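Structure, as structure tokens:
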Amino acid sequence: MDIIDRRPNPHGKNLENRRRVLQRARSAVQTAVRDAVARGRIREVGQGNAVSVPSDSLHEPSLHRVFSEGVREIVLTGNREFSRGDRLQRPPSGAGGQGSGAGQAGESGGGEDSFRFVLSRDEFLDLFFDDLELPDLLKREISTTENGVPARSGLSNEGAPSHLDLGRTMRRSIARRLGLGRPKPAELQEVEERIAELEALRPASAEDLEELEGLRERRGTLRQRLARIPWVDPVDLRFRRYTIMPQPATRAVMFCIMDVSGSMTERMKDLAKQFFLLLHVFLERRYKKVEIVFIRHAESAEEVDEDAFFHDPRTGGTIVSSALELMHTIQRERFPSANWNIYVAQASDGDNASSDTMRTASLLRDDILPAVQYYAYIEITGSGAVIRGETDLWRSYRAIADENDHLAIRQVGDRKEIFPVFRDLFSRQHHSAEA
């Protein structure tokens with residue numbers, strides 16, 4: 001069942017209702033978003049923005065009658081068979097109404113309607129990356145303060161109505177009215193009531209007429225002062241003033257290292273690219289001040305741009321240390337560890353020249369890990385038909401990971417495992433538990 005809401009949006013009410021529904025069904029929509037990504041291609045994250053959730057995820061608590069007891073009189077209009085007072089027999093077991101959605105299940109099965117949400121790209125990605133975060137962001141140095149946040153900075157006599165400080169405004173109004181001697185409305189009412197009493201006297205004595213004349217003058221004075229001294233004057237208004245304060249942004253860099261050698265089949269390269277595409281979208285979405293460096297390697301390593309990293313083919317042998325040496329050189333020259341938070345993500349099939357494995361392990365243990373906050377390594381395994389043991393690179397990385405908590409290694413063998421592994425590497429709960 002598709003429900004299309006074509007109502008106008010008066011005063012933002014429809015938008016507010018949409019937000020409430022999304023908030024109430026957040027977990028269900030979030031699950032549907034991640035299922036949609038698991039079924040599709042990561043290149044298309046946020047493009048197909050329609051997701052469906054079961055209707056029972058939107059149910060709210062409600063009060064209803066219990067029909068198992070009590071006395072009720074019900075008159076159903078429009079029936080031609082029964083009159084008031086007739087007794088209705090209970091339908092036999094198995095007959096009667098159908099369950100929720102059963103009548104619409106039809107031949108296709110499925111007795112439960114679902115709701116279809118059309119999400120914007122921002123909403124889609126917010127739900128997709130809701131509980132992911134870069135671990136160990138230490139804020140080593142502040143970069144240029146381009147972003148700012150509003151901060152309270154005293155009061156002002158002018159401002160937007162939404163910034164009106166009602167408490168301070170009313171206190172100043174009361175002080176001004178007391179200082180200027182503004183009469184109270186109740187005082188004027190008492191004078192008018194007394195005037196009405198004296199005017200009703202027939203005949204009136206000289207004392208009454210004299211009092212009446214004085215009260216009429218008093219009434220004129222009170223009315224004049226009430227008109228001249230308003231309840232709230234513009235001089236009473238006080239508005240909360242906000243100043244945009246610069247917000248320090250932490251400097252961070254992510255190194256993306258990918259093996260593109262001949263030992264990586266097209267399927268393996270595609271899995272590695274999907275992991276880095278997911279990482280790239282995540283970093284661009286969550287951080288404005290994160291630099292991304294793309295390094296690919298075969299026998300030699302090279303720094304490339306984003307397009308070449310994901311699309312330009314290359315083959316050859318495998319020397320992993322060449323990529324780590326290039327990454328370490330770039331890090332020392334452009335991103336000193338004293339000023340930058342450094343993260344590394346590496347994808348490989350585990351193959352490496354036997355003479356290079358010790359060199360790779362030494363670079364990782366002695367030079368790279370002391371300078372980085374987090375290092376994530378995923379190894380792309382072969383297809384199900386190919387059975388092999390642990391690679392030398394995996395064994396050497398695992399030995400180092402046992403001694404360093406900020407080195408995480410995982411294996412990926414299928415496209416559906418990409419997102420679970422990604423969540424495992426960058427989940428907030430995961431890093432909180434390790435801490």
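Just so it is clear, the structure is predicted and the values come from calculations on it, not from any experiment.
- Formation of a donor-acceptor pair under 3.5 Å by the Ser362 side chain with backbone atoms of Met358 is not found in this model.
- A donor-acceptor distance shorter than 3.5 angstrom exists from the side chain of Arg182 to the backbone of Ile229, with no hydrogens or angles considered.
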Legend entry - salt bridge (Lys or Arg N to Asp or Glu O under 4.0 Å) between Glu390 and Arg398, worked out: CA-CA 10 Å; Glu390 294 181 347; Arg398 185 176 60 184; 2.7 Å; yes
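- Residues satisfying the side chain to side chain contact (heavy atoms under 4.5 Å, CB included) criterion with Asp356, sequence neighbours excluded, are Ile319, Val320, Ser321, Asn352, Ala353, Arg359, Thr360.
- Without hydrogens or angle criteria, Asp349 side chain to Asp351 main chain gives a donor-acceptor distance under 3.5 Å.
- Using a 4.5 Å heavy-atom threshold, the side chains of Gln331 and Ile368 count as separate.
- Checking side-chain atoms of Arg177 against main-chain N and O of Trp231 turns up a donor-acceptor pair under 3.5 Å.
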Legend entry - Audit row: Leu222, Glu187, side chain to side chain contact (heavy atoms under 4.5 Å, CB included) steps and yes/no: CA-CA 8 Å; Leu222 292 176; Glu187 184 179 354; 4.0 Å; yes
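- Applying the side chain to side chain contact (heavy atoms under 4.5 Å, CB included) criterion to Arg171, with sequence neighbours excluded, gives Arg168.
- At a threshold of 4.0 Å, the pair Asp233-Arg176 does not count as salt-bridged, since none of the basic side-chain nitrogens sits closer than that to a carboxylate oxygen.
- Not counting sequence neighbours, the partners of Ile330 by the side chain to side chain contact (heavy atoms under 4.5 Å, CB included) test are Phe255, Val293, Ile295, Glu303, Leu326, Arg334, Phe335.
- In this structure, the side chain of Ser173 does not engage the main chain of Thr169 through any donor-acceptor pair within 3.5 Å.
- Residues forming a side chain to side chain contact (heavy atoms under 4.5 Å, CB included) with Ala308 (at least two apart in sequence, or on another chain): Val304, Asp305, Asp312.
- Gln373 places a side-chain N or O within 3.5 Å of a backbone atom of Ile342 that can act as its donor or acceptor partner.
- Summarising the local packing, CZ of Arg228 is surrounded by 12 or fewer heavy atoms from other residues, nucleotides or ligands at distances under 6.0 Å.
- Less than 6.0 angstrom separates the ring centroid of Tyr377 from the ring centroid of Tyr397.
- With hydrogens and angles ignored, the 3.5 Å screen pairs a side-chain donor or acceptor of Thr381 with a backbone N or O of Val412.
- For Ser156, there are no side-chain hydrogen bond (donor to acceptor under 3.5 Å, both in side chains) partners at least two apart in sequence or on another chain.
- With sequence neighbours excluded, the residues that form a ring pair (Phe, Tyr, Trp, His ring centres under 6.0 Å) with Phe294 are His280, Phe309, Phe310.
- For His406 and Tyr375, the ring centers are positioned 6.0 Å apart or more.
- The closest donor-acceptor contact from the side chain of Arg152 to the backbone of Tyr242 lies at 3.5 Å or more, if one exists at all.
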